[in-house]
K.L.:
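Mind looking over this structure? Questions follow.
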Amino acid sequence: MNEIPEFLNELNDSQRAAVEYIDGPSLVIAGAGSGKTRVLTYKIAYLLTQGVKPWDIMALTFTNKAAKEMKERIAALVGMEVARYLRMGTFHSVFSLILRSEANKIGFDSNFTIYDESDSRSLCKQLIKEFGLDDKVYKPGEVMKRISAAKNRLLTADDYAEDFEAVQRDAVDGMPKIHVIYKEYANRCRLVNAMDFDDLLLNTYLLFKYNPEVCNKYAEHFQFVLVDEYQDTNHVQQQIVMQLTKKYKRVCVVGDDAQSIYGFRGANIDNILDFQEQYDGARLFKLEQNYRSTQRIVEAANSLIHKNERQIHKDVYSRNDEGDRIELTGLNSDREEALFVVKDIRQRIRQEGAAYSDFAILYRTNSQSRAFEDELLKVAMPYRIYGGLSFYQRKEIKDVVAYFRLIINANDEEALRRVINYPARGIGNTTIEKVAAAARISGISMWDVLCQPERTELNVNKGTLTKLTSFRMMIEDFAGRVETVDAFELGKDIIKQAGISQEIYSSTEPDYLARQEHLEEFLSSMQEFVEDQREQGNPTDLVSFLQDVSLLSDREDDTDDTPRITLMTVHSAKGLEFPNVYVVGLEEDIFPSQLSMNSMREIEEERRLLYVAITRAEKYCHLTYARMRFRFGKQEFHAPSRFLRDIDPKLLNVNGGSSSYSPARRTAYSGGSRPSLFGSAPEYGSVGRSSVPQQRRMQEPDRSPSLRPVSKASFTSSSAMRGGGVSAAFSIGDHVVHDRFGAGIVTNMEGNGDSAKATVEFTNAGTKQLLLKFAKLRKL
DNA sequence: GGAGCTTCAATTTTT
DNA sequence: TTGAAGCTCC
C-alpha cells in the first residue's frame with residue numbers, strides 16, 4: 001500500500017476528500033476562491049504517489065497560462081522530472097498533438113496548418129465572393145458563427161446539408177447557401193491541409209468515432225483524465241472526454257457552474273449541471289469555503305447568484321473578517337462616474353496606504369474604459385488596460401509567422417496570400433487572383449500552380465511569371481533548411497532575406513519603432529524556445545516552434561513592474577483577485593447587456609457575470625452606475641441594473657441618500673426585479689449635485705478645446721499659434737502633459753521650427769515622439 | 001501601392 | 001463617437 005503523502009495535510013476536509021477519491025468519476029464544484037487549482041494540482045500529485053505514471057494522466061485546461069501554472073505547481077510538489085511527462089495542456093494543444101500523430105487516419109498530413117480566426121474569416125470571405133453571394137447578406141462573421149456552431153454540434157458539412165432544421169433556419173434568415181459554403185470551406189481546408197480551431201476538436205471526435213481501435217488505444221492509455229473549468233466546455237469537448245474515459249471512467253472534472261460566462265462562444269453549462277447523469281455513480285464534492293473575500297462580500301455575491309434558477313446548490317462561506325458592506329453609488333453621468341471612482345481610489349490610497357496594483361476597475365464592455373482612462377491620465381495615476389490586440393495578433397508578427405507556415409506547409413493558402421507580396425515585390429491582387437483562379441480550375445492549391453505554371457491556365461506575362469518563380473524559389477530555399485538549422489537561426493534569415501527587416505527598419509517613425517521592438521521580442525522568444533528545447537533534449541526546428549506558437553495568443557507579459565491600477569472587462573477578470581474592486585456601469589442595457597435580454601438563459605449568464613465580478617474583491621467592493629452616458633455619440637439614459645435589486649440590501653451601503661428603492665416589478669426573465677424605467681421616484685442615492693450634462697461637458701475647464709464646437713478657421717489658427725509659440729519652451733527632463741497621453745517626461749528634443757520633435761516618456765502611454773507643431777504639450 | 005474618402009456598425013474571448 | 005474596412009484616385 002502506498003504511503004499517504006505529507007502534502008495532503010495542507011488541505012481542508014472537503015478539498016482532501018476530493019483529492020483522495022480516485023476510483024471513479026467525480027465532479028468537484030469549486031466555489032469562487034475555494035482553492036480549486038490547489039485541489040487539481042494536489043490530486044495529480046496524489047495520483048503520482050499512488051503509482052500512476054505521469055504519462056498516464058491527461059489534464060485539460062482552457063488556456064495555456066492555466067496549464068503552465070498548474071504544471072509548475074505540480075513540479076513544486078513532485079519535481080519537474082516527473083511533471084514534464086504529464087499530458088497537460090489546453091484541449092486544443094493536447095488534441096492537436098494526437099491529431100498530428102494520427103493524421104493519416106483522417107486524410108490529413110501530420111504537418112497540417114492551424115488556421116486562426118482571421119484565417120478562417122478570410123477564407124469565408126473568399127468563398128462568399130467566389131460563390132457570387134452578397135456579403136451584406138452573408139456577413140462573414142455570421143457565416144463563421146454558423147459553421148462553428150455546426151461543428152460544435154458534431155455536424156460535418158455533409159451532416160449539415162442533411163440537417164433539415166439547420167438548413168431551414170438558414171433559409172428563413174435569408175442565407176440558404178450556408179451549407180454550400182460550409183462544404184466548400186471544409187473541402188478547401190482539406191486541400192490545403194489546414195484545420196481551424198473548431199476542427200481540432202471535431203476531427204478528434206471523428207477520429208475516435210470512426211477508428212475505435214485508435215480511441216481504445218488512448219482510452220486505455222489515459223487512466224486518469226482531469227478537466228479544469230468544466231463549466232466552460234462545449235459539446236464536442238464533453239464528447240471527447242466521454243470517448244476517452246469510457247473504459248476506466250476515471251475522470252475528474254472541476255469547475256463552478258456559477259462562473260459559467262462563456263456561453264456565447266459555445267460553452268454549455270449543462271455539461272457541468274448534468275455531469276452526474278452522464279456518469280453513473282459520479283461522486284460530487286463541493287468546495288464551499290472561500291479563502292479570498294470578506295464574509296460580507298461572499299454573502300452579497302451569494303444573495304445575487306441565488307436568484308438564478310439553474311444551478312447546483314452550494315453554501316459558499318468565508319471565515320475571514322466580516323468586512324465592510326458593499327458600496328453602491330449612483331452618478332449622474334459616465335464622466336462623473338469615472339471622476340468618482342478615480343477620487344475614491346486616490347482617497348483609499350492615501351488613507352490605507354494601498355498600492356495602485358491593489359485596485360481594479362471592472363466593466364462589461366471595453367468601450368467603457370475610455371472615461372476612466374481619461375480621468376486617470378489627467379491625474380497621472382498609473383494604470384493598465386487589458387484587452388485589445390494580443391502579441392501574436394500584431395501584423396508584423398503574423399506576417400513573419402505566415403512565412404513560417406508557408407515554409408512548413410506550402411499549400412497553406414492564407415499564409416501564401418499574406419506574404420506573396422509582403423514586402424512588396426510587384427505581385428499585385430490581379431496576379432494573386434489569377435493564380436487562385438488557375439488553382440480552382442485544376443482543383444489544386446495555389447502553391448501547386450506556382451510550381452508548374454505551364455501546366456495550368458495561369459495567364460500572366462513573363463515579368464510577372466519571373467517574380468512568382470523567384471518567390472517560389474525563395475520559399476523552397478528556406479524549406480530546404482528546416483531540417484538542418486534551428487528555428488531561431490532560420491527565423492533570423494527569413495526575416496532578413498525575405499526583405500522584412502529592410503521594410504521594418506526603413507523608418508524611425510514611432511510606429512515603425514514599435515514594430516521593430518515587437519519583431520525583436522519575437523526573435524528573442526524564438527531564441528528562448530530553442531534554448532529551452534535543447535536543454536530538454538527536444539527538437540529545436542521550425543516545425544516544433546510553429547506547432548507551439550500556433551496555439552498561443554498570450555496577452556503580453558508585463559515586462560514593466562510599475563504598480564498600476566487594472567482596467568479590464570469582467571470576463572478577463574475571471575480567475576483573478578484584487579483587494580479593491582470597482583464594478584462600474586451597472587445599468588440596464590449595459591449590465592445586463594441589451595443584447596443578452598432575449599432569454600432567461602442569457603440573463604442568468606449576465607447575472608453570473610456580475611457574480612464573478614463581485615467575487616474578485618478581497619476586502620472592498622464598490623458598485624457604480626450612471627444615469628446618463630454617452631454611447632455611439634449620443635446621450636443615453638439608463639435605469640440602474642436589475643441585478644442591484646438582487647443583492648441583499650443588508651449587505652449594501654447605498655451612498656448619498658435614501659436606501660429605499662421602488663418595489664420590484666417582475667418581468668419574464670428578471671428572476672429578481674426590474675427597476676422603474678421612468679419617473680423620478682426615489683431610487684438609489686446619488687453622489688454629487690445633479691446638473692445638465694451637456695453644459696457640464698462644455699464648461700469643463702480641463703477638456704481640450706477641440707471638444708468644443710469650434711469653427712475650422714479658429715481651430716486651425718489656435719493650434720498654429722500654439723505650435724509656434726511653445727515649441728522652443730521644452731527641454732530634456734521637463735514634466736509635460738498631453739491631452740491624450742497624459743503626464744510624462746521629455747527625454748529628447750530634436751529639430752527646430754516646424755519640425756521640432758520631442759521624445760516623451762509617458763507614465764501610462766509609453767514613449768512617443770511628438771511633433772511640437774501638432775502635439776498639444778503643456779509644461780507642468 | 002498608398003493616401004484619403006465614405007460607409008457602416010457597434011458585447012463578452014480563448015484556442 | 002470611434003473604428004474598421006472597403007473603395008477611389010493618383
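Numbered from 1 within each chain, the chains take letters A, B, ... in sequence-line order. Because the structure is a prediction, the values reported are computed rather than measured.
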K.L.:
Base, sugar-phosphate, or nothing for A/S593, non-hydrogen atoms under 4.0 angstrom?
P.N.:
base
K.L.:
Could you check whether A/S96 gets within reach of a base, just the sugar-phosphate, or nothing at all, counting any heavy atom under 4.0 Å?
P.N.:
nothing
K.L.:
Base, sugar-phosphate or nothing for A/F62? Non-hydrogen atoms, less than 4.0 Å.
P.N.:
sugar-phosphate
K.L.:
Sticking with atom C1', work out how far C/dA5 lies from B/dT12, rounded to a whole angstrom.
P.N.:
23 Å
K.L.:
If you measure from the ring centre of A/F264 to the centre of the six-membered ring in the base of B/dT12, is it under 5.5 Å, with the planes under 30° apart?
P.N.:
yes
K.L.:
Tell me, please, which residues at least two apart from A/K129 pass side-chain contact (heavy atoms from CB on, under 4.5 Å).
P.N.:
none
K.L.:
Counting any heavy atom closer than 4.0 Å, what does A/Y262 reach on the DNA or RNA strands: base, sugar-phosphate only, or nothing?
P.N.:
sugar-phosphate
K.L.:
Which part of the nucleic acid, if any, lies within reach of A/L595 when heavy atoms closer than 4.0 Å are counted: base, sugar-phosphate only, or nothing?
P.N.:
base
K.L.:
Which is true for A/E606 with a 4.0 Å heavy-atom rule: it touches a base, it touches only sugar-phosphate, or it touches nothing?
P.N.:
base
K.L.:
Can you tell me how far C1' of B/dT13 sits from OH of A/Y392, to the nearest Å?
P.N.:
18 Å
K.L.:
Check the interface with nucleotides 1-10 of chain B: list each N/O to N/O pair with the protein under 3.5 Å, or write none.
P.N.:
residue: B/dG1; atom: OP1; partner: A/N421; partner atom: ND2; Å: 3.2

K.L.:
Under the salt bridge (Lys or Arg N to Asp or Glu O under 4.0 Å) test, which residues partner A/R616, sequence neighbours left out?
P.N.:
none
K.L.:
Taking only residues two or more places apart in sequence or in another chain, which ones pass salt bridge (Lys or Arg N to Asp or Glu O under 4.0 Å) with A/R146?
P.N.:
A/E142, A/D170, A/D173
K.L.:
Verify, without hydrogens or angle tests, whether A/E336 (side chain) and A/N332 (backbone) share a donor-acceptor contact under 3.5 angstrom.
P.N.:
yes
K.L.:
Report which part of the nucleic acid A/D198 touches: base, sugar-phosphate, or nothing (heavy-atom distance under 4.0 Å, all strands).
P.N.:
nothing
K.L.:
Quick one: list whatever passes ring-ring contact (aromatic ring centres under 6.0 Å, His included) with A/Y422, sequence neighbours left out.
P.N.:
none
K.L.:
Which one, C/dT2, B/dT15, B/dT12, comes nearest to the side chain of A/R364?
P.N.:
B/dT12
K.L.:
Can you sort out the partners of A/T90 under side-chain contact (heavy atoms from CB on, under 4.5 Å), two or more places apart, ordered by chain and number?
P.N.:
A/T61, A/N64, A/H92, A/S93
K.L.:
Give each protein N/O atom lying under 3.5 Å from an N/O atom of nucleotides 5-8 of chain C, with the pair distance.
P.N.:
residue: C/dG6; atom: OP1; partner: A/K125; partner atom: NZ; Å: 2.3

K.L.:
Would you say A/S572 reaches B/dT13's phosphate, i.e. side-chain N/O to OP1/OP2 under 4.0 Å?
P.N.:
yes
K.L.:
side-chain contact (heavy atoms from CB on, under 4.5 Å) with A/L595: which residues, sequence neighbours excluded?
P.N.:
A/S593
K.L.:
A/R87: what forms a salt bridge (Lys or Arg N to Asp or Glu O under 4.0 Å) with it, not counting sequence neighbours?
P.N.:
none
K.L.:
If you assign each of A/N366 and A/S93 to its closest nucleotide in DNA chain B, which residue comes earlier from the 5' end?
P.N.:
A/N366
K.L.:
Could you check whether A/N64 gets within reach of a base, just the sugar-phosphate, or nothing at all, counting any heavy atom under 4.0 Å?
P.N.:
sugar-phosphate
K.L.:
Tell me what A/Q594 touches on the nucleic acid: a base, only sugar-phosphate, or nothing, going by heavy atoms under 4.0 Å.
P.N.:
nothing
